[in-house]
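Reading through the structure tokens given below for one structure.
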2 protein chains.
Amino acid sequence: MVKAADRAKNPARSSVWLEKRAARSGGGPAGLDRDRIVAASIRMLDEEGLAKLSMRKLATELGVTAMSLYWYVDTKDDILEYAMDSVYGEIDLAAVDAAADWRDRIRLLALDYRRMLVRHGWMSPSAGQYLNIGPNAIAVGQKIHDTVAETGLSLDRRPSAMSAVFQFVYGYGTVESQFGRRAAEAGMSQDEFYVESVNAFRDDTDLAEQVEGLKEILDERTSHDSLSVIWDRDFGYALDVLIAGIEVMVAREAEGA
Amino acid sequence: MVKAADRAKNPARSSVWLEKRAARSGGGPAGLDRDRIVAASIRMLDEEGLAKLSMRKLATELGVTAMSLYWYVDTKDDILEYAMDSVYGEIDLAAVDAAADWRDRIRLLALDYRRMLVRHGWMSPSAGQYLNIGPNAIAVGQKIHDTVAETGLSLDRRPSAMSAVFQFVYGYGTVESQFGRRAAEAGMSQDEFYVESVNAFRDDTDLAEQVEGLKEILDERTSHDSLSVIWDRDFGYALDVLIAGIEVMVAREAEGA
DNA sequence: CCAGTTCTCGTACACCGTACAAGGACTCTC
DNA sequence: GAGAGTCCTTGTACGGTGTACGAGAACTGG
């Protein structure tokens, strides 16, 4: 095991995954176990949020002292990395294979990824902070890679197409999930929270003056549909844009060749 | 002023910007000032990173006690919101107006936004966590909105096009800046850090087996060009995809009408 | 039963954000 | 110049945080 203080110095140790470490298993008095720790941390993260998770609380939840956890894990960050990879595993890669063509595959992957980010509001901040190179995250990355390869896009264009789609999904999922988190913290539904926010916004004359047109558009959109419908539709439209864009690039390459 | 404990309860107070508060100005013994505090915090954030910024250190930097800051600000979060909006102001909106057409405008906005995220590594995590509704952020948002309107896209498609482009930029900038941050923490250049990481990756047989093809592609790309060249090129290609996609959607709407 | 390993715990340290109340510094009025 | 009132700064304290360290409990194999 590696002390937390040593971790930062060596880039090869900047992630749990870049170091061979046997998963120390339970059998001790408390029946602890890395899997149990990670599962409990995911449950607590989903319920209470990233900011509220502490080693002491997690330990209490497991009927144990904070320091007991450090037998199975070097650092709080490690737990987050394990938790992250675990939820990457929720993306259903088998369902992706069943899709008809690369367009549907991209749509499925993107939707599943987005849903995962929204389901686990702590994922966006975490995914931005750590290297995402656990086995499940890598499997997802490879599936994305394979799918983009199917488009026929040339090799040196593929990484940009991958990031165009999936960095978008990350950004979209981040906004959506953080909005949901804030609503939940205020004890409201998303729609209620949205109305409250717009009202607070309207009361602030400085801000309101600055935007004029923008607010009416937002009002118009939300008067017809609930926020979750809007999230879904906008996301679908954006994927249309991305897929159309990839098709164009493929066609241009075909012409040029 | 509002106590930190009260902030969470009221959604109308979930941001500094949603509350009328005069900027309390200096004149006291220490010559403190909200602008000075925000400027100092940005400097420290850029140099030391988000995790290292504390009220006590920031105060020391300003030759003052931690509690003095609370005269000008309710909360540490407030400082971050002010700092965020301040760097949104670094995006050169006037330059965008000078561009020839909406394609160039989108490119300029996206590039400036990305550069800002990379320049200030603490922005990505912060922007994901707070509402971005300070005056400068709103101004950027409105410029994006106006630019997308120029494409001729119908009203209900615009938000999705906006997010397709700028959520992508956010995701891309996040990855790029966090990679840079990690490299800096390890005391290396980005290219050195990349090589080290790939080597550590290669040494891990479990991970290495899983990817096979992927690694060769990465090697091939980085053997020709430095990472910063690759970042730039991939970003440009991805914008090509997005712009092409928008053009297709505009054309489809024209046909349908 | 005993030795050795595996696991748990109590204590402690250095830090964090910030509530509260005392008091210094400046400004304005007479 | 004296006094009042406001503006600003500070010291102290509370309840948290991650985790280093060493003692000791529990379990395992001989």
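Below, chains carry the letters A, B, ... as their sequence lines are ordered, and counting in each starts from 1. FYI, side chains are in, hydrogens and waters are out, and symmetry mates aren't considered; it's all heavy atoms of this structure.
Ile138(B) is not listed as a side-chain neighbour of Tyr88(B), based on a closest heavy-atom distance of 4.5 Å or more. Within the 4.5 Å cutoff, the side chain of Phe166(A) has heavy atoms near those of the Leu109(A) side chain. In this structure, Asp77(B) and Gln129(B) have side chains that are not in contact, with every pair of non-hydrogen atoms separated by 4.5 Å or more.
Atom CG of Asp77(A) is separated from atom C1' of dT19(D) by 12 Å (rounded to the nearest Å). As a whole-Å value, the separation of Leu80(B) CG from dT18(C) P is 10 Å. Remark: C1' of dC15(C) and CG of Leu58(B) are 16 Å apart, rounded to the nearest angstrom. Separating the CG atom of Leu32(A) from the P atom of dA26(D) is a distance of 16 Å, rounded to the nearest angstrom. The distance between atom CE of Met55(B) and atom C1' of dG16(D), rounded to the nearest whole Å, is 17 Å. The nearest whole Å value for the distance from the CG atom in Leu69(B) to the C1' atom in dT9(D) is 11 Å. We find that CG of Leu62(A) is positioned 13 Å from C1' of dT8(C), with the value rounded to whole Å.
Aromatic ring orientation, Phe179(B) versus Trp231(B): perpendicular (interplanar angle above 60°, classes split at 30° and 60°).
Side-chain atoms of Thr60(A) come within 3.5 Å of backbone N or O of Arg56(A) as a donor-acceptor pair. Panel note: side chain Asp112(A), backbone Asp92(A); a donor-acceptor pair is recorded below 3.5 Å.
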Between the protein and nucleotides 20-22 of chain D, list every N/O to N/O distance that falls short of 3.5 Å.
residue, atom, partner, partner atom, Å
dC21(D), OP2, Lys3(A), NZ, 3.4

Practice prompt. Start with the C-alpha distance between Tyr113(B) and Tyr172(B), add both sets of side-chain angles, then the distance that settles ring-ring contact (aromatic ring centres under 6.0 Å, His included), and finish with yes or no.
Written response: CA-CA 10 Å; Tyr113(B) 185 21; Tyr172(B) 198 90; over 10 Å; no

Item to complete: Please test Asp234(A) against Met162(B) for side chain to side chain contact (heavy atoms under 4.5 Å, CB included), starting from the C-alpha separation and ending with a verdict.
Response: CA-CA 10 Å; Asp234(A) 283 353; Met162(B) 281 176 64; over 6 Å; no

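Applying a 4.0 Å cut-off to non-hydrogen atoms, none of the residues of residues 40-54 of chain B approaches DNA chain D.
Checking the phosphate oxygens (OP1, OP2) of dT17(D), a side-chain nitrogen or oxygen of Arg56(A) falls inside 4.0 Å. Between dC7(C) and Trp71(A), a contact under 4.0 Å exists linking OP1 or OP2 to a side-chain N or O. Listed pair Ser68(A) / dC7(C) fails the phosphate criterion, with no side-chain N or O lying under 4.0 Å from OP1 or OP2.
Between Glu176(A) and the options Arg114(A), Arg182(A), Arg181(A), a salt bridge (Lys or Arg N to Asp or Glu O under 4.0 Å) holds for only Arg114(A).
Direction of the helix axis in the helix from dC1(C)-dG30(D) to dC30(C)-dG1(D) shifts by 10° between the two five-pair termini, rounded to 10°.
Ranking dC8(D), dC9(C), dT17(D) by closeness to the Lys57(A) side chain, first place goes to dT17(D). When distances are taken from the side chain of Lys76(B) to each of dC8(D), dT8(C), dG17(C), the shortest belongs to dG17(C).
Remark: Arg115(B) CZ is loosely packed, at most 12 non-hydrogen atoms of other residues, nucleotides or ligands lying under 6.0 Å away. Counting heavy atoms of neighbouring residues, nucleotides and ligands inside a 6.0 Å radius, atom NZ of Lys52(A) does not exceed 12 of them.
With hydrogens and angles left out, the side-chain atoms of Ser15(A) and Glu81(A) include a donor and acceptor closer than 3.5 Å.
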